[in-house]
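Quick notes on the structure that follows.
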Number of protein chains: 2
Amino acid sequence: MSEQNVELRKAGLKVTLPRVKILSILETDETLHLSAEDVYRALIEAGEDVGLATVYRVLTQFETAGLVTRHNFDGGHSVFELDRGDHHDHMVDMETGSVIEFTNDQIERLQHEIAEQHGFDLIDHNLVLYVRKKKM
Amino acid sequence: MSEQNVELRKAGLKVTLPRVKILSILETDETLHLSAEDVYRALIEAGEDVGLATVYRVLTQFETAGLVTRHNFDGGHSVFELDRGDHHDHMVDMETGSVIEFTNDQIERLQHEIAEQHGFDLIDHNLVLYVRKKKM
DNA sequence: ATGAATGCAAAAACTTTGCATGACG
DNA sequence: CGTCATGCAAAGTTTTTGCATTCAT
């Protein structure tokens, strides 16, 4: 029994071909950040006959199940990222659109401090840096 | 000559009724964060006959001119905020939905450092803390 | 006068939904 | 087998665009 099957069952999801394939694509992809359209195209290229609507439905289910995180970067569409348990923030290259992940403990700590100072507990946060390659 | 006219001229924008009205709505609003739809409704309520397409066009122009900042908070629609010259980040109270603004120089500085370390210039950034009132 | 801005409707882009068919457990 | 998932197409949302008309300078 493949890895995906276990993950799906653990998430309480019936093991179906679209779900296994989509999970597999998310695990294999190197960019780590795929739009629904990206996943759909990957399926078509792999010769799988899966509808775009199913891709959206499955990704949303994965999000609910905590397998995947949905990001709303700039421009219209959402991108999905497999949740590997490690927290990180994102840097988006405005020229290429590519996404770089990073972590910074100091920033994490400061965020907690700021929430505290206002009498709140920090539940979640979202930090995206929009950057451009340095001109020299 | 009203305040709005000056701001529009300074931004290099022709002074038209829709632009003046929209700017005025953004200046008057207390929530500080309006969607295009919100602005459109406010115009209709004020008896102004302005099309939704124009609202989008004007808000986009305002953004380009630096009068307004566009935020892509959660999913779906964008919200626009009048740029009052002060940079700040946002804290969203998850229970009430209210938005608190804050600034932190250390975080600002760290963001620049992180971009630098990756060979980038920091163009813009987006930081939202999702918080909940402390239980005591 | 002349070029830009507007309103309307139509189109685009992204995402969700209804329904009949097919697959999982 | 009963139920849930799927595919397709149709509808929903949010935002953009084409074009004739109106408006600002």
Side-chain angles (χ1 to χ4, degrees), chain A residues 1-2 4-25 33-44 46-65 67-80 97, chain B residues 1-2 4-25 33-41 43-44 46-65 67-80:
Chain A
M1 178 188 291
S2 77
Q4 285 87 20
N5 289 16
V6 180
E7 293 185 62
L8 288 173
R9 279 189 217 285
K10 246 186 344 197
L13 293 169
K14 201 180 277 191
V15 178
T16 65
L17 189 140
R19 302 219 256 237
V20 174
K21 281 293 172 190
I22 291 173
L23 188 50
S24 168
I25 285 168
H33 301 87
L34 295 173
S35 67
E37 199 57 44
D38 291 336
V39 172
Y40 178 65
R41 272 199 303 273
L43 286 166
I44 299 303
E48 300 296 336
D49 187 20
V50 175
L52 181 56
T54 300
V55 174
Y56 275 104
R57 270 188 294 234
V58 169
L59 287 172
T60 303
Q61 290 156 356
F62 283 4
E63 186 192 13
T64 305
L67 269 61
V68 144
T69 306
R70 180 196 300 250
H71 298 288
N72 301 302
F73 294 151
D74 272 353
H77 61 305
S78 306
V79 300
F80 298 84
Chain B
M1 181 187 288
S2 76
Q4 285 86 23
N5 289 17
V6 180
E7 294 184 62
L8 289 173
R9 279 188 217 287
K10 245 185 346 197
L13 294 170
K14 203 177 277 192
V15 177
T16 65
L17 190 139
R19 301 218 256 236
V20 174
K21 281 293 171 189
I22 290 173
L23 187 49
S24 168
I25 285 168
H33 301 87
L34 295 173
S35 68
E37 196 59 43
D38 291 336
V39 172
Y40 179 65
R41 272 198 304 273
L43 286 166
I44 298 303
E48 301 296 339
D49 188 20
V50 175
L52 180 55
T54 300
V55 173
Y56 274 104
R57 271 187 293 233
V58 169
L59 287 173
T60 303
Q61 290 156 357
F62 283 6
E63 187 192 11
T64 305
L67 268 62
V68 144
T69 306
R70 180 195 299 251
H71 297 288
N72 300 307
F73 287 155
D74 24 6
H77 59 307
S78 306
V79 301
F80 298 84

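If you measure from atom CD of Q61(B) to atom P of dT17(D), you get 12 Å, rounded to the nearest angstrom. A straight line from CG of L52(B) to P of dC8(C) spans 11 Å, rounded to a whole angstrom. Summarising the geometry, the separation between CG on N72(A) and C1' on dC14(C) is reported as 12 Å, rounded to the nearest angstrom. When rounded to the nearest whole Å, the span between CG of L13(B) and C1' of dG3(C) equals 15 Å. dC4(D) atom P lies 11 Å from atom CZ of R19(A), rounded to whole Å. The NZ atom of K21(B) sits 18 Å away from the C1' atom of dG7(C) (whole-angstrom rounding). Between the CG atom of L8(B) and the P atom of dC23(D) there is a distance of 18 Å, rounded to whole Å. Taking atom CD1 of I22(B) as the reference point, atom C1' of dA5(C) lies 12 Å away to the nearest angstrom.
Of all heavy-atom pairs spanning A36(A) and L59(A), the tightest one is CA-CD1, 3.9 Å.
The listed nucleotides are dA5(C), dC8(C), dT6(D); the one nearest the side chain of D49(B) is dC8(C). Relative to the side chain of P18(B), the nucleotides dG7(C), dG7(D), dT14(D) differ in distance, and dG7(C) lies closest. Candidate nucleotides dT15(D), dT25(D), dT17(D) were compared by shortest atom distance to the side chain of A53(B), and dT17(D) ranks first.
Distances shorter than 4.0 Å separate none of the side-chain N or O atoms of T16(B) from OP1 or OP2 on dA4(C). Phosphate proximity of dT15(D) to Y56(B): present, with a side-chain N or O under 4.0 Å from OP1 or OP2. Contact between the side-chain N/O atoms of T54(A) and the OP1/OP2 oxygens of dG7(D) is found at a separation under 4.0 Å. Put simply, R57(A) has no side-chain N or O that comes within less than 4.0 Å of OP1 or OP2 on dT17(C).
The closest side-chain heavy-atom distance from V55(B) to E37(B) is not below 4.5 Å. The shortest side-chain heavy-atom distance between F62(B) and L13(B) falls under the 4.5 Å cut-off.
Between K14(B) and L17(A), the one whose closest nucleotide on DNA chain D sits nearer the 5' end is L17(A).
Between the side chain of R19(B) and the backbone N or O of K14(B), at least one donor-acceptor pair lies under 3.5 Å. With hydrogens and angles disregarded, a donor-acceptor distance shorter than 3.5 Å links the side chain of T60(A) to the backbone of Y56(A).
As judged by a 4.0 angstrom heavy-atom cut-off over every strand, S78(A) is placed among residues touching the sugar-phosphate backbone only.
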